Amino acid sequence: MDPLLEGLNEEQKKAVLQVSGPVLILAGAGSGKTRVITHRIANLLINHGIDRICAVTFTNKAAAEMLERVKNLVPFVPGNLQVKTFHSFCLYILRREATFFGFDSGFTVYDTTLQESLLKQVVKDLSLDPKFYKPSMLGNYISGLKDKMLSPEAYLEKEGRTDFSKTVSAIYKEYERRKDASRAFDFGDLIWKTVQLLQKSPEVLDKYRRKWEYVMVDEYQDTNKVQYALVILLAGEKKNLCVVGDDDQSIYSWRGADIGNILNFEKDFPDSVVIKLEENYRSSSNIILAASKVISNNTQRKQKEIFTNNPEGSPVVLNEFQNESEESHGAVVRIRSFYSSGIEYKKIAIFYRTNSQSRYFEEALRNAGIPYKIFGGFRFFDRAEIKDFIAYLNVVSNPLDSVSLLRIVNYPPRGIGDSGIDKIREFSLEKGISLLETLGQEEIPLKKAAKSKGKELYNVFNDLIEKVEKGSSPSEIALELLNRSGLMSYLKEEGTEESIARLENLQELVNSIEEYEKNADSPSLEEYLNQISLLTSEEDTKELTDYVNLMTVHNAKGLEFKIVFLSGLEEGTFPHSMSLEDSQHGDEEERRLFYVALTRAREDLFLSYCRTSRKFGKVEDRIPSRFLSEVPRECFGNQYTNRERTARRPQGPPLASKIRERDEENDSVFSETPSPENLGLKPGDRVKHKQFGTGTITTVSGKEKNTKVSIRFGNVEKNFFVAYTPLEKL
DNA sequence: TTAGTTAAGATTTTT
DNA sequence: TCTTAACTAA
């Protein structure tokens with residue numbers, strides 16, 4: 001038998017062998033979906049000599065995983081095969097077709113920050129109230145319109161002419177105009193402009209249809225209107241289109257995902273082959289029981305049942321903790337014990353609903369010396385100093401990029417403040433020249449010092465732009481810019497710990513550019529900048545080989561782990577209060593999200609919630625997530641102890657009866673004191689400080705070397721690092 | 001204009 | 001709690 005088919009069930013084989021025409025694979029969680037896709041790609045490559053394939057996913061992590069698994073199946077990966085996210089896929093096309101948009105020398109990709117700063121300018125210039133028209137809200141709104149392929153005019157038409165819609169439409173229009181003048185695309189543009197390109201240019205469309213005769217889309221239930229349009233365009237008349245998805249795992253409606261895309265596939269393609277994968281090979285039957293019972297509470301779903309022939313496995317464990325620190329500590333203790341019994345860290349994942357929750361786990365893992373990697377959330381490229389320097393590079397690569405220029409025109413300080421900036425912008429508008437050009441003008445009405453600094457900056461940019469044209473390498477440009485921008489000396493002079501760290505980060509960025517140069521076919525500054533704009537955190541961490549995975553549940557989709565910790569299962573966090581406000585979907589999307597989380601686990605699933613958690617630094621009481629009561633009692637096994645762990649509150653939470661440890665062994669989790677690192681200092685202690693005399697400790701924070709204490713001396717409160725401050729305990 | 005201080009306000013999820 | 005906007009003094 002073909003080794004590609006080994007170990008596959010009949011339906012999976014059918015999916016792998018279905019070469020041409022439209023195919024819909026309805027794949028339940030853990031039904032071997034990625035296996036089917038990768039084997040299908042391998043089958044096309046090996047048995048049919050077809051390499052004109054593109055496979056599109058949503059997250060970088062899923063794309064990387066897919067490519068990796070294809071690599072393991074085939075002797076080599078042909079250049080024609082593309083496995084990418086929607087965004088990187090479109091970037092690939094747009095970079096090659098930029099001339100279509102009149103962007104003859106490429107373009108800049110605006111991330112959310114640059115998008116919002118442009119919107120802020122627009123709101124200001126249209127004399128609108130920035131308190132009401134918040135850049136972040138406008139950014140989301142406009143992105144949403146782009147997902148639906150609505151232009152400012154089409155939006156107005158559809159929405160009706162209210163004061164609000166008229167204003168938003170005007171902002172949107174002006175935003176587009178300026179973005180265009182800055183020769184930039186935002187994230188939404190990447191996909192929509194690609195669709196427009198393919199619609200308007202038959203030659204280009206034809207070219208890419210021939211380049212990729214076979215199109216595969218993963219997580220099809222999460223495609224939105226514009227992504228749908230893209231897929232349909234690419235599939236063309238040949239319709240060699242294979243989509244894979246599961247309506248129960250649709251978790252992106254807030255980004256315009258249209259579940260109708262998957263539900264209507266058979267209508268869109270009447271000659272399609274539909275394959276259902278319902279057997280779960282991933283998880284223990286305990287986990288599958290929990291997950292399928294929970295999801296059955298949703299009304300808006302296709303009636304179906306996932307099942308497994310896997311053994312029952314360990315009980316699902318539900319833990320209650322007093323707060324987030326104890327919760328993360330509890331996970332660390334278990335991770336340690338798993339590790340000492342021979343389980344690698346990378347088999348373990350910790351999930352949470354929102355990125356901010358990662359903090360506690362990071363802290364606990366760091367203190368325990370356990371390697372970890374955070375997916376999503378804050379990236380290296382999100383650091384302010386990196387963004388600043390990238391803004392510098394953006395201007396060199398695209399002198400028309402006024403948004404980036406404005407970001408750094410006064411950083412480091414050049415005496416060009418808000419009023420100076422206004423003057424420069426006025427002048428540039430009057431003369432019809434770019435902002436950068438304006439900086440070089442003699443007659444701008446600025447103070448002498450500011451004017452000469454501006455001119456200096458202009459010269460630096462001009463020189464570097466010239467050097468790019470003469471073929472200087474990106475890293476050469478970066479190094480020179482680092483010096484001549486004054487950034488380097490500014491940070492050096494500052495001399496604080498903070499500024500030194502920033503300098504090191506900038507050095508790290510230069511390293512990253514050098515790294516890129518080594519690997520790229522024909523390295524250019526512009527390509528580098530384009531690429532990093534789509535990067536998420538997984539690509540930029542140092543290469544660790546074994547690490548615990550930390551991520552949001554959204555990021556976890558499509559992945560699987562032997563051991564999963566799902567944390568923060570409290571009302572308001574999961575389901576998140578913000579999503580409950582959206583009455584249209586109610587809590588159903590949150591439940592799907594919970595379902596996704598549960599079905600990631602292969603063997604061990606630990607659920608946890610806290611009695612109290614912090615919100616904006618304030619401790620608040622919490623109640624367990626509604627989803628916990630939807631998990632059948634028997635999933636938690638029979639072995640419970642009745643001991644209360646944290647008897648700080650007399651009355652138990654609603655679910656107290658369920659929330660027990662499963663056996664004595666695990667009791668040790670709680671008998672360890674959570675943080676012995678504070679050197680014995682605790683709030684309320686009286687201490688003596690050499691300089692300030694006697695005071696009372698109000699708070700203790702941080703761990704080990706980083707332990708900080710706040711001490712109140714009379715009416716003043718001061719903060720100290722315990723490690724640096726000799727304190728005498730009284 | 002800048003640096004330093006104070007008060008408000010922020011957090012859903014991703015590219 | 002932490003970041004940013006607004007305010008104030010120089």
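Every chain is numbered from 1, with letters handed out A, B, ... down the list of sequences. Every value quoted in this text rests on a predicted model; they were computed, and no experiment measured them.
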Can you pull every protein N or O that's under 3.5 Å from an N or O on nucleotides 5-8 of chain C?
none

*State whether the aromatic ring of A:Trp254 stacks on the base of B:dT13, taking stacking to mean ring centres under 5.5 Å apart and ring planes under 30° to each other.*
yes
*Tell me whether A:Phe616 is stacked on the nucleobase of B:dA10, counting only the six-membered base ring and applying the 5.5 Å and 30° thresholds.*
yes
Could you work out which one of [options] sits closest to the side chain of [X]?
X        : options                : value
A:Asn355 : B:dT14, B:dT12, B:dT15 : B:dT14
A:Asn60  : C:dT1, B:dT15, B:dT13  : B:dT15
A:Asn410 : B:dT15, B:dT14, B:dT2  : B:dT2
A:Pro413 : B:dT14, B:dA3, B:dT11  : B:dA3
A:Thr354 : B:dT15, B:dA10, B:dT12 : B:dT12
A:Glu590 : B:dT12, B:dT15, C:dT1  : B:dT12

Taking donor-acceptor contacts at under 3.5 Å, does the side chain of [X] reach the base of [N]?
X        : N      : result
A:His576 : B:dT12 : no
A:Arg255 : B:dT14 : yes
A:Arg353 : B:dT13 : yes

Does [X] pair with [Y] as a salt bridge, N-O distance under 4.0 Å?
X        : Y        : value
A:Glu630 : A:Arg591 : yes
A:Glu362 : A:Arg359 : no
A:Arg407 : A:Asp401 : no
A:Glu219 : A:Lys33  : yes

*asked:* Return whichever of A:Gly420 or A:Thr552 has its heavy-atom-nearest nucleotide of DNA chain B closer to the 5' end.
replied: A:Gly420
*asked:* On DNA chain B, does the nearest nucleotide to A:Tyr252 precede the nearest nucleotide to A:Ile421 from the 5' side, or the other way round? Give the residue.
replied: A:Ile421
Which part of the nucleic acid does [X] contact within heavy-atom distance under 4.0 Å: base, sugar-phosphate only, or nothing?
X        : result
A:Phe58  : sugar-phosphate
A:Gly188 : nothing
A:Ser419 : sugar-phosphate

In this structure, how many angstroms lie between the [atom2] atom of [N] and the [atom1] atom of [X], rounded?
X        : N      : atom1 : atom2 : result
A:Tyr360 : C:dT1  : OH    : C1'   : 8 Å
A:Asp147 : B:dT13 : CG    : C1'   : 14 Å
A:Glu620 : B:dA10 : CD    : C1'   : 13 Å
A:Leu580 : B:dT13 : CG    : P     : 15 Å
A:Lys618 : B:dG9  : NZ    : P     : 13 Å
A:Tyr490 : B:dT2  : OH    : P     : 9 Å
A:Lys615 : B:dT12 : NZ    : P     : 9 Å
A:Glu494 : B:dA3  : CD    : C1'   : 11 Å

*Using the P atom in both, what is the distance from C:dA6 to B:dT11, to the nearest Å?*
15 Å
*Residues in side chain to side chain contact (heavy atoms under 4.5 Å, CB included) with A:Ser397, at least two apart?*
A:Leu525, A:Glu526, A:Leu529
*Of all residues at least two apart in sequence or in a different chain, which pass the side chain to side chain contact (heavy atoms under 4.5 Å, CB included) check with A:Lys451?*
A:Ile444, A:Leu446
*By side chain to side chain donor-acceptor pair (under 3.5 Å), which residues pair with A:Lys120, not counting sequence neighbours?*
none
*asked:* A:Arg255: which residues meet the side chain to side chain donor-acceptor pair (under 3.5 Å) condition with it, sequence neighbours left out?
replied: none
*Quick one: salt bridge (Lys or Arg N to Asp or Glu O under 4.0 Å) partners of A:Asp258, sequence neighbours excluded?*
A:Lys225
